[in-house]
Asker: 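After the structure tokens below, expect a handful of questions from me.
What you are looking at is a predicted structure, and each value in this text was computed from that prediction instead of being measured.
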Amino acid sequence: MTLFRQIYDSSSRAFTYLLADGGTQAAVAIDPEPEGTVLPLLGLVDELGLRLQYLLYTHVHDGTAAMLERLRDRVAGRFEYVNRLGAEL
């Protein structure tokens with residue numbers, strides 16, 4: 001079973017998404033930014049007993065580097081960032 005959740009931060013008008021495999025509990029966070037969405041995201045990961053294995057950014061904002069540092073320790077799998085658009089992180 002696939003699990004999908006959408007988290008919205010009204011102050012920044014930003015969405016973060018959580019996608020997980022219910023069988024393995026492996027999860028990916030998509031655009032986990034800004035902090036208004038990250039804290040609820042991490043709470044949801046804990047509440048559902050998921051293992052956050054990947055972070056996927058479709059775009060970046062100011063402050064992305066700081067958010068990556070905060071999330072790095074929470075990612076169970078390999079942590080990699082591929083910057084193909086030349087954005088500064």
Asker: Which heavy atom in Gly49 sits nearest to a heavy atom in Gln25, and how many Å separate them?
Answerer: O-NE2, 3.3 Å
Asker: Any side-chain heavy-atom pair from Leu44 and Arg5 closer than 4.5 angstrom?
Answerer: yes
Asker: Please round to the nearest 0.5 Å and tell me the distance separating atom CG of Leu42 and atom CD of Glu47.
Answerer: 12.5 Å
Asker: Which heavy atom of Leu18 sits nearest a heavy atom of Ala27, and at what distance?
Answerer: CD1-CB, 3.9 Å
Asker: Can you tell which of Thr58, Thr16, Leu41, Leu55 makes a side chain to side chain contact (heavy atoms under 4.5 Å, CB included) with Ile30?
Answerer: Thr58
Asker: Is the Phe4 ring parallel, tilted or perpendicular to the Tyr17 ring (thresholds 30°, 60°)?
Answerer: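 The rings of Phe4 and Tyr17 lie parallel, inter-plane angle below 30°.
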Asker: Measure across Gly36 and Asp9 and return the closest heavy-atom pair with its distance rounded to 0.1 Å.
Answerer: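 Smallest heavy-atom distance, with atoms named: CA-OD1, 3.7 Å.
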Asker: If hydrophobic clusters are built from ILVMFWY residues whose side chains come within less than 4.5 Å, do Val28 and Phe15 share one?
Answerer: yes
Asker: What closest approach, in Å, do Pro32 and Thr37 show between heavy atoms, and which atom pair accounts for it?
Answerer: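 Looking at all heavy atoms of both residues, the shortest contact is C-OG1, 4.3 Å.
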Asker: Does the side chain of Leu19 reach to within under 4.5 Å of the side chain of Leu3, using non-hydrogen atoms?
Answerer: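 No, side chains not in contact.
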Asker: Do Tyr8 and Leu56 belong together in a cluster built from hydrophobic side chains that touch within less than 4.5 Å?
Answerer: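 Result: yes, single cluster for both.
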Asker: Determine, using the 4.5 Å side-chain heavy-atom cutoff (strictly less than), whether Ile7 and Leu48 are members of one ILVMFWY cluster.
Answerer: yes
